Structures are given as structure tokens and as C-alpha cells.
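Here the structure is laid out as C-alpha cells; the discussion comes afterwards.
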Number of protein chains: 2
Amino acid sequence: MSQSNASNPTVDDVARLAGVSIATVSRVLNGSARVSDDRLTRVRAAVNELGFRPNSAARSLASRRASIVAVLAGTTLTFEQAEIIRGIEESAREAGYLMSLTALGGADDDSIDQSLSLVLDQAIAGVIVLTSDPAGVATLHRIPAGIFTVTVAGSPETVVPHVPLHDSGAAEELVAYLLGLGHTTVRCVGVRASPNEDERIVGWRRALRAAGAAIPEVIHSSEEPNSGCAIGRQLARSPDVTAVFCGSDVLAMEVMHGLAEGGRSVPDEVSVVGFGDHPLSALWCPALTTVKQDFAGLGNRAFLVLEGVIAGSLGRGFISDGPLLVIRDSAAPPVKSSGAAPV
Amino acid sequence: MSQSNASNPTVDDVARLAGVSIATVSRVLNGSARVSDDRLTRVRAAVNELGFRPNSAARSLASRRASIVAVLAGTTLTFEQAEIIRGIEESAREAGYLMSLTALGGADDDSIDQSLSLVLDQAIAGVIVLTSDPAGVATLHRIPAGIFTVTVAGSPETVVPHVPLHDSGAAEELVAYLLGLGHTTVRCVGVRASPNEDERIVGWRRALRAAGAAIPEVIHSSEEPNSGCAIGRQLARSPDVTAVFCGSDVLAMEVMHGLAEGGRSVPDEVSVVGFGDHPLSALWCPALTTVKQDFAGLGNRAFLVLEGVIAGSLGRGFISDGPLLVIRDSAAPPVKSSGAAPV
DNA sequence: CTGAAAGCGCTAACAC
DNA sequence: GTGTTAGCGCTTTCAG
């Protein structure tokens, strides 16, 4: 586990070469105080000549500061999570922080504690936990006090600052669109038993209620890869369903696949919409109608908020793009016959 | 950037509470030497009571060891990269390492150096760079000597250990399958100007050569999101193309989309195959014929190899799953008329 | 503006 | 087995 082979140059080496004290070297290194131009130049030259890189462990030990933000997530592979993480990394990098990423092995306490220990055993500046899945929220409750923490995605869980996306509003808009097409009601397939799903379901229900439409029971997908397919096949057996709102685009694709297996055509017989605007949604056949959410922007904000928490200056208002309805071909008015393009 | 608010307990606190010396505490902390059961118990109790967590900066400074592996990648979002990264993280976690992830801003030296500095400024055990894209290989050449480095995916670039997937063999098998279906030759759409593409193209060419088939010019996709669509449309204008091998499943989906826009049906008029077995490939319409590659396993291996390099014990043989031909519906014999299911 | 000196919290010889 | 003693390489008072 050693860091490198040759013993790297130290501040002392630089100080000696530049003919100054180590304190001065330290000052130019982190610009903590004024240094005369003369010495400044000499130190910089020495640094370059030696290829000096400050030892971060020593620096962190002496300054009691860290510049790693840890992100904890149940899954790192879904489009949404991956984009959020990318956003965090991007902002972190710009601010000079390194991002660590650790997947939560499972949702059980043991594997969570194990993952968490790894993180807590490092000199970290703070952690961001993605609470869009159960493992994330379970983890949150096991983070000891005194660790700067921010949650992102899903619903607020505790007293730690939470950075949300306006999922309920986005879902509501999409479902209202479906209703506007003439559907008497809309079925809902939720992503998982996660907070995030709740927001989207909340929006779905709100839209239905606002339109005075019947509110059918929510169908929950499981964590299995293609669980949406079975749901689609099941839905295909109910002749009365004409529109389905899915908690994510991938889930919508699965449901559409199941619907097709069940002999129902989209959007002619049933309209299906997703959530999030996955890159492949536009290429899907039929192209998926969905709402675009700025997940990467959410990640940016999450980091920025954490940075604020660390600095003790909460409350800065960061904005990411609002949801955007993306109308494509997978939803149409509830007519039985023709195949004319919708909208 | 501070690490927490209250001053955490230190080894001294634990030693005092347990009534032992700090050296003993240190010993039980890292099991470096035998400690009597009596003291062992007392120290553990004290640790728990205090909620003591060793300060990693101090530990790393004193021991000259680090337990973070840094991964550098151009993109973190594609299925392949994401899976590789997940594999690295998984193995790292099991070995007690934290994984840091940094995206290479661009392929220019400045942004690379900036990303690299972030990493090099931390106490890291080693780095893994994903050389499946140009930014990765460019980065590799800017990593100073003395940093334990391993490259993964793509082709070997320099003297650092490289952990490859047998992409050329996988591609060859797939193209041979196409040829076996009766196609006189197969077009090739490469992912990008990256080493990884080369391996796959190599396999494609080898299969063609082995069959004595004509070797058409390779078409390169650009970095743009849906660049494969334009290629598909272009391909649709050539009546002689009956089979297309694409460097990735997503690219294949794009090409198929373009082909459809150009009025050509898959697989009736032209067969299209991808590479990698993306999760959505099975749901695609028509379901994509491809080769499954064990990207996560590749990530596992990459970490294990790095661990070996760090420990100075190279040469252990790690294996990940070999490629697996996944025959679905997007490829068929080159007949013009019917739509009978292939294979 | 600059240097000397005192640690940061831990590990690793080294004696016992 | 166990304690004592030096530091790891840097930041940060504190004088000057």
C-alpha cells in the first residue's frame, strides 16, 4: 500500500534550495500570507526544479483539513445516479476536491457499516449520500454526528441538508399531459420502494386528483433487472388501461416490451411515458415521451451545498434546470383504430 | 474544508481509558503484533466507548501508506466504463481501499494536468486509468514515474501493466457468426479513435480475412451523442450492405435507427450486431445480437493487478469471464423476402 | 514580511 | 508482550 518508491522531495528540500525557511515555502504553497516577490520566485523555481508535491497526509494532519468528498450510493449504474455522480464530480473537481465513490453493498446494516467505515476511515471533507434508493437512506442514519453530510435525490430524510429535484412537479406535468390527451385515468408503475419514487407518485396522484380522475392502485417494480416486462404483460391483460406513467425511462421501456409481448401496441392501444429522458429514449421505438430532468445539475448543486455546509455558510441558492416535458411518440389520444402520429 | 467539528478522540485518549500505552493501542488497531487478551479487550472497549476512529492522515503520514485507489477516465457514463468502474470499486472495497473517481475534463494537456493534480495531491496507493478513450491514453503519459499505475481496457500503451479484455477475439467470433449466416462481407462502424476500437476492428478484420471476404473501409463514429444515426442513414443508401458490425451496442442501436430512417429493415434487409451486451439490448426491437463481455470482471482484475503491483508481486493470474456470443434477432441470413426468425 | 519552534495523531523502531 | 521514544512532512502560532 505504499505511495511511491523514491522518497519525494520535502518542504525542507525546497526551502534549502530556495534559501528560505520552510515556513515561507508553506506560505507560497497555500498563499496564506504575503511573501516578497523575490522569495516567491525563488520558491516557485525550487518547487518546479524539484518537482515537489506537498504530501497531502502531512498537510491534512497539520491543517486539519481534507479535500475529498465522499459519495455513497446504492447503485451507480442507472442513468440518473450516474448523471448525479458525474455532476458531483464535476463541481468537486472545479473546487479542487477529489471525489470518492463507494457503492453500498446491500441494504443490511453490516454491509452498510462496512462501506461506511471505508469512507469514515479516510480524511474526508464531507459526504454526499444519494437517497434515491433504500440503501442510501439506510446509510444516512448510520453516519455519525460531526460528519458534514448532504443528501441528494429522493425526499428529505432527516435534519441534514437535502438537495432535491422537483420530481413531483415534473411527474404531475407529464401525467396532466396524458390526461389532456383524453385518457380518463393513468396507471402508475413506481421504480422501487424508495423515497424518490414517492415524489413521482405524489405528482402522478396530484395530477389525477386535479383532473378529478380515478386513482388506480400503484404498481411497484422490483429491483430485478427486467421486472417491468412482467408488469407490462400484466397490464396488457387489462383492456381498460390506456395510459401508463412509469417511474423511469428504462422502466417504461420494459413495460412497453411487456405490453408488446401481451399483444398491445404503443401508443395506439396504450400510451406509455417515462421519466428522466434517458439517452436512448429518443431512439426507442416508439420514441418515448418523458420529462427531462437535470440530474447532472442536481449533482452540481449537491456538491455546492456541501461546500456551503463545510464552510458554515448555508443558504446560498443554487439552481439547476427545471423539468422539461419531452413529447415524442409513445403517448397518444386514447383512440382504438388508426396509427396516425400523435400530437 | 475541515473534517468535523468536535475534536475527535485520539490514541492517547484510548490508551488512557484502557490503561495501556499508545503503542499497544496502535497494535490492536492494526493487528501488527500480539497483544495479551486482557489488554486487547480493554483497548477494544475503550475504542467503542469513545467511538474512536483513527485519523487517517496521521496514520498515512506515519506509515507511508495510503488506501485510496484513484481511477481516471474520460467518460464514466457509458455502459462499459461504468461497469468497469463498478468492478474496480467492488474489488477495492473488499480489499479495504476507497476508490476515487475523476473524469478527465478534456483531452488537452491542461485539463488533463488539472485532473491529474487533484489525484496526485492526495495520498493515493495507486491509479488505474481507463485507456479505452483518447483522454485516458493521453493522461497515462503525464503520470509521473513512481506512481503505481495500471491501465485497463483498450490496448496496452506503455510499460505499465495493462489489463485487457479479449476484444479482438470476441469481435472475431461475432463477425464470423455473421459470415456464417451467409453474408459475403460485413461493414464495421468503430466507436471512436481509441485503442479499444482498434481491438474490435482487428477482430472484425481477422474474421473477414479468415473467410476470404472483402474488407470494406471502416466507418468511424464521432464523439457526438447520436452520431451512429447519420451513419445508419448513410449505410441505408448502399444497397449492397447486408451486415454491419458496430463497436458497441448503443452504437448499433443508433445505426439501426438510422437504417430505419433510411427505409431499410433489420434484420430482413440488413443485419446489425453490437458489442458488449448492454442491458437494453435484449429489449431493443429487434433484440440485438451481440457479444457479452465481462466488464465488471475486468474492473475486478484491474484492481487486483494494481494491488499486486503495489505489493511488488506481479504475475498472479486473474481471470474474468470470456466473451459470450448472444444471439438474438438483429442478425439473419441475407435473404430479401420473408421475416422468419433467424437461427 | 520572515524564521524558529511547537505540534497535528499516529506508527515503528528500540529497549525492556 | 509492553512501554518509550522518535519522528512522518506539513501548518501555524509566535516573536522579531
Side-chain angles (χ1 to χ4, degrees), chain A residues 1-43 46-47 50-67 120-125 146, chain B residues 1-44 46-47 50-67 120-125:
Chain A
M1 308 212 296
S2 51
Q3 187 173 181
S4 82
N5 46 14
S7 69
N8 298 314
T10 71
V11 215
D12 299 80
D13 298 324
V14 176
R16 202 172 308 122
L17 211 181
V20 301
S21 70
I22 61 169
T24 297
V25 174
S26 177
R27 285 180 189 114
V28 343
L29 250 37
N30 36 213
S32 51
R34 293 231 164 295
V35 172
S36 65
D37 287 354
D38 171 41
R39 291 166 192 260
L40 190 70
T41 317
R42 269 155 48 206
V43 170
V47 165
L50 263 35
F52 169 76
R53 284 198 166 276
N55 175 314
S56 80
R59 183 191 285 237
S60 177
L61 176 59
S63 68
R64 306 148 159 295
R65 261 179 266 125
S67 48
L120 264 22
D121 284 351
Q122 293 295 326
I124 57 167
Chain B
M1 309 211 297
S2 52
Q3 188 175 180
S4 82
N5 46 13
S7 70
N8 298 314
T10 70
V11 214
D12 299 80
D13 298 324
V14 175
R16 203 172 308 123
L17 211 181
V20 300
S21 71
I22 59 168
T24 298
V25 175
S26 178
R27 283 178 191 117
V28 343
L29 251 37
N30 37 213
S32 51
R34 292 232 164 294
V35 172
S36 66
D37 288 352
D38 171 43
R39 290 164 194 262
L40 190 69
T41 317
R42 269 154 50 205
V43 170
R44 286 203 176 130
V47 165
L50 263 33
F52 169 77
R53 285 198 166 276
N55 176 314
S56 80
R59 183 191 283 236
S60 176
L61 176 58
S63 69
R64 307 149 157 296
R65 262 180 266 124
S67 49
L120 266 21
D121 284 351
Q122 294 294 327
I124 57 167

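Every chain is numbered from 1, with letters handed out A, B, ... down the list of sequences. This structure is a prediction, so every number in the text was calculated from the model and none was measured.
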* Can you check whether Thr24(B) has a side-chain N or O nearer than 4.0 Å to OP1 or OP2 of dG3(D)? -> yes
* Asked: Rounded to the nearest 0.5 Å, what separation is found between the CZ atom of Arg59(A) and the CG atom of Leu61(B)?
  -> 13.0 Å
Acceptor/donor pairs from residues 26-34 of chain A side chains to any protein atom, 3.5 angstrom cut, sequence neighbours excluded:
{"unit_1": "Asn30(A)", "atom_1": "ND2", "unit_2": "Ser26(A)", "atom_2": "O", "d": "2.5"}
{"unit_1": "Asn30(A)", "atom_1": "ND2", "unit_2": "Ser32(A)", "atom_2": "OG", "d": "3.3"}

* Asp12(B): what forms a salt bridge (charged side-chain N to carboxylate O under 4.0 Å, His left out) with it, not counting sequence neighbours? -> none
* To do: Between protein and nucleotides 9-16 of chain C, map the contacts as a letter string: B base, S sugar-phosphate only, - none, heavy atoms under 4.0 Å, written 5' to 3'.
  => BBBBB---
* Asked: With no hydrogens and no angle check, is any side-chain donor or acceptor of Arg53(B) less than 3.5 Å from a backbone partner on Leu120(A)?
  -> no
* Short side-chain to backbone donor-acceptor contact, Ser60(A) and Ala66(A), under 3.5 Å -> no
* Asked: To the nearest Å, how far apart are Asp121(B) CG and dG9(D) P?
  -> 16 Å
* **Spacing between Arg39(A) atom CZ and dC1(C) atom P, to the nearest angstrom** => 12 Å
